[in-house]
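Remarks on the structure that follows.
All of these numbers come straight from a predicted model, not from anything done at the bench.
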Amino acid sequence: MPQRITLASIAEQAGVSTATVSRVLNGKSNVAEVTRRQVLVALDLLGYERPEALHQASRGLVGLIVPELSNPIFPMFAQEIEQLLAPSGHTPLLCTQNPGGTTEDEYIEMLVDRGVSGIIFVSGRHADTSSDVTRYQRLREREVPLVTINGNAPTIKAPGFTTDDRTAARMAVDYLISLGHRRIGLAMGPLRMVPAQRKRSGYEDAMRAGLPGEPLRTVEALYSYEGGAAGATRLLEQGCTAIVCGSDIMALGAIQGVRAAGLSVPGDVSVIGYDDSPLIPMTNPPLTTVRQPVTAIARSAVTTLLAAIAGEDVPDGEMFFSPDLIVRGSTGPAPKE
């Protein structure tokens, strides 16, 4: 330990006694796990490297395969999962997918070769109805536990945990209808993906129930800023005064698309996103969005995976989690005609 570290400074940061800090630093066993972690977190926050003697032996690696990290929702899931795995002594091995980079199948082989205890898939091929699902069947045959997050294709046999996308889209449309909007559009990701299919179903349910006879206006686009801008342009051509987007990143692009058309948000067009990642309240205007319950989903996924790793029987099938509509400044009453 460098001399500049004092027991008192660590104790103050951790909210424990110096005696407790001493026991943790000396590797004593008579310290509660939650207290031990408080001290380790204090070391991290104070900018000190943990002494080698404090590195806890890992019970095994857990593969965590996520899409690219430019969409803030995926780092949110990764961080929650890492924090939830830590108390059990499991270490996540983060694998990120970028266009033209390492494929999901290549990551799977690498993780299996490293002897991972299990794998968590976030928004992966498991949600693609056009994808070959035998990769997951082979993992089951090799007795590698796995769980998925954000939508299982009908042929997938694995525990899945997902936001109720159908309800999410329905909530967004119902809210826009309550504001007087009639020409409501949906900009979503590729329809081969289960979340996009469910969002479209929810949109159609709400439109048919609240605005019978009103044309349905939907466009497919990439889950990106550019995709949102392009989708908004196409929906504006159809006269939309409100747009529901498949992600917050798409919604930010949609707002830019609205402004490029010489219109304002929310004066002329209301926009709703999906995810509610950390910086979204700071956008201009602050984005109305549907919040994914990231912590609850991650906790259930990790708990189930650890149970499977321990040899317990865990049921296949999906568990759906209720979203919340977070109303902010990007939505307002329909413009008067």
Side-chain angles (χ1 to χ4, degrees), residues 24 27-41 44 50 53-66 74-96 104-127 133-153 155-163 292-322:
V24 171
K28 302 298 183 182
S29 59
N30 59 336
V31 181
E33 177 60 23
V34 65
T35 303
R36 190 187 74 85
R37 288 196 58 78
Q38 281 177 242
V39 173
L40 297 183
V41 168
D44 295 341
R50 299 181 189 181
L54 293 184
H55 287 282
Q56 183 183 35
S58 173
R59 293 186 184 176
L61 296 172
V62 169
L64 175 55
I65 302 179
V66 302
F74 299 127
M76 284 178 66
F77 271 114
Q79 182 174 326
E80 287 287 342
I81 290 167
E82 189 278 334
Q83 292 175 347
L84 290 162
L85 284 171
S88 70
H90 288 86
T91 303
L93 185 56
L94 182 63
C95 304
T96 59
E104 185 171 288
D105 284 334
E106 289 169 341
Y107 274 133
I108 289 173
E109 288 306 311
M110 178 197 74
L111 292 169
V112 171
D113 288 344
R114 293 195 177 195
V116 293
S117 300
I119 303 176
I120 300 174
F121 294 88
V122 181
S123 298
R125 292 293 184 184
H126 59 87
V133 301
T134 57
R135 57 175 61 89
Y136 308 108
Q137 295 169 355
R138 289 195 298 270
L139 282 173
R140 301 287 290 266
E141 291 166 1
R142 296 160 91 169
E143 299 184 343
V144 178
L146 67 106
V147 298
T148 71
I149 290 176
N150 281 353
N152 275 357
T155 50
I156 296 290
K157 287 184 170 55
F161 305 87
T162 184
T163 302
Q292 289 205 64
V294 171
T295 299
I297 292 173
R299 182 180 297 114
S300 295
V302 169
T303 299
T304 300
L305 184 70
L306 292 178
I309 290 172
E312 300 177 25
D313 288 329
V314 296
D316 292 333
E318 282 189 284
M319 179 181 294
F320 292 87
F321 293 77
S322 298

**Item:** Residue pair Ala307 / Val314: nearest heavy atoms and the distance that separates them
**Value:** CB-CG1, 4.0 Å
**Prompt:** Between Arg142 and Glu109, is there a salt bridge with N-O shorter than 4.0 Å?
**Reply:** yes
**Request:** Identify the heavy atoms of Ala158 and Leu146 that sit nearest to each other, and give their distance.
**Result:** CB-CD1, 3.4 Å
**Asked** Is there side-chain contact between Phe77 and Asn150, with at least one heavy-atom pair below 4.5 Å?
**Response** yes
**Item:** Contact summary for Val144 and Gly118, nearest pair of heavy atoms
**Value:** CG1-CA, 4.2 Å
**Item:** Nearest-0.5 Å distance that lies between atom CE in Met110 and atom CD1 in Ile65
**Value:** 7.5 Å
**Side chain proximity check, Thr162 to Phe320, heavy atoms < 4.5 angstrom** = yes
**Prompt:** Which heavy-atom pair separates Ile81 from Ala298 by the least distance, and what is that distance?
**Reply:** CG1-CB, 4.0 Å
**Request:** For atom CE of Met319, decide whether the heavy atoms of other residues, nucleotides or ligands shown that lie under 6.0 angstrom number more than 12.
**Result:** no
**Message:** When you measure from the side chain of Glu104 to the backbone of Arg125, do you find a donor-acceptor pair of N or O atoms at a distance under 3.5 Å?
**Reply:** yes
**Message:** Looking at Glu106, I'd like to know if its CD atom is crowded, meaning that more than 12 non-hydrogen atoms belonging to other residues, nucleotides or ligands lie closer than 6.0 Å.
**Reply:** yes
**Request:** Look only at the side chain of Tyr107 and the backbone of Leu64, and say whether a donor-acceptor pair between them is shorter than 3.5 Å.
**Result:** no
**Fill in**
Between the CD1 atom in Ile149 and the CZ atom in Phe161, the distance rounded to the nearest 0.5 Å is 8.0 Å
**Request:** Compare all side-chain heavy atoms of Val112 with those of Leu139 and state whether any distance is below 4.5 angstrom.
**Result:** yes
**Item:** Residue pairs, two or more places apart or on separate chains, that pass side-chain hydrogen bond (donor to acceptor under 3.5 Å, both in side chains) and touch residues 295-305
**Value:** Glu80-Thr295
**Complete:** CD1 (Ile120) and CG (Leu305) are apart, to the nearest 0.5 Å, by 5.0 Å
**Item:** Test item: Thr148 and Pro159 side chains (from C-beta on) under 4.5 Å apart, heavy atoms
**Value:** no
**Message:** Would you say Gln292 and Thr163 are linked by a side-chain donor-acceptor pair, where the criterion is simply a distance under 3.5 Å?
**Reply:** yes
**Prompt:** So, for Ser123 and His126, which heavy atoms are closest and what is the spacing to 0.1 Å?
**Reply:** N-NE2, 3.5 Å
**Fill in**
Taken to the nearest 0.5 Å, the spacing of Glu318 CD from Asn152 CG works out to 4.5 Å
**Message:** Measuring from atom CD of Gln137 to atom CD1 of Ile156, what distance do you get when rounded to the nearest 0.5 angstrom?
**Reply:** 7.5 Å
**Request:** Starting at OG1 of Thr134, measure out to CG of Asp105 and round the result to the nearest 0.5 Å.
**Result:** 7.5 Å
**Complete:** Taking every heavy atom of Ser117 against every heavy atom of Pro145, the minimum-distance pair comes out as O-CD, 3.1 Å
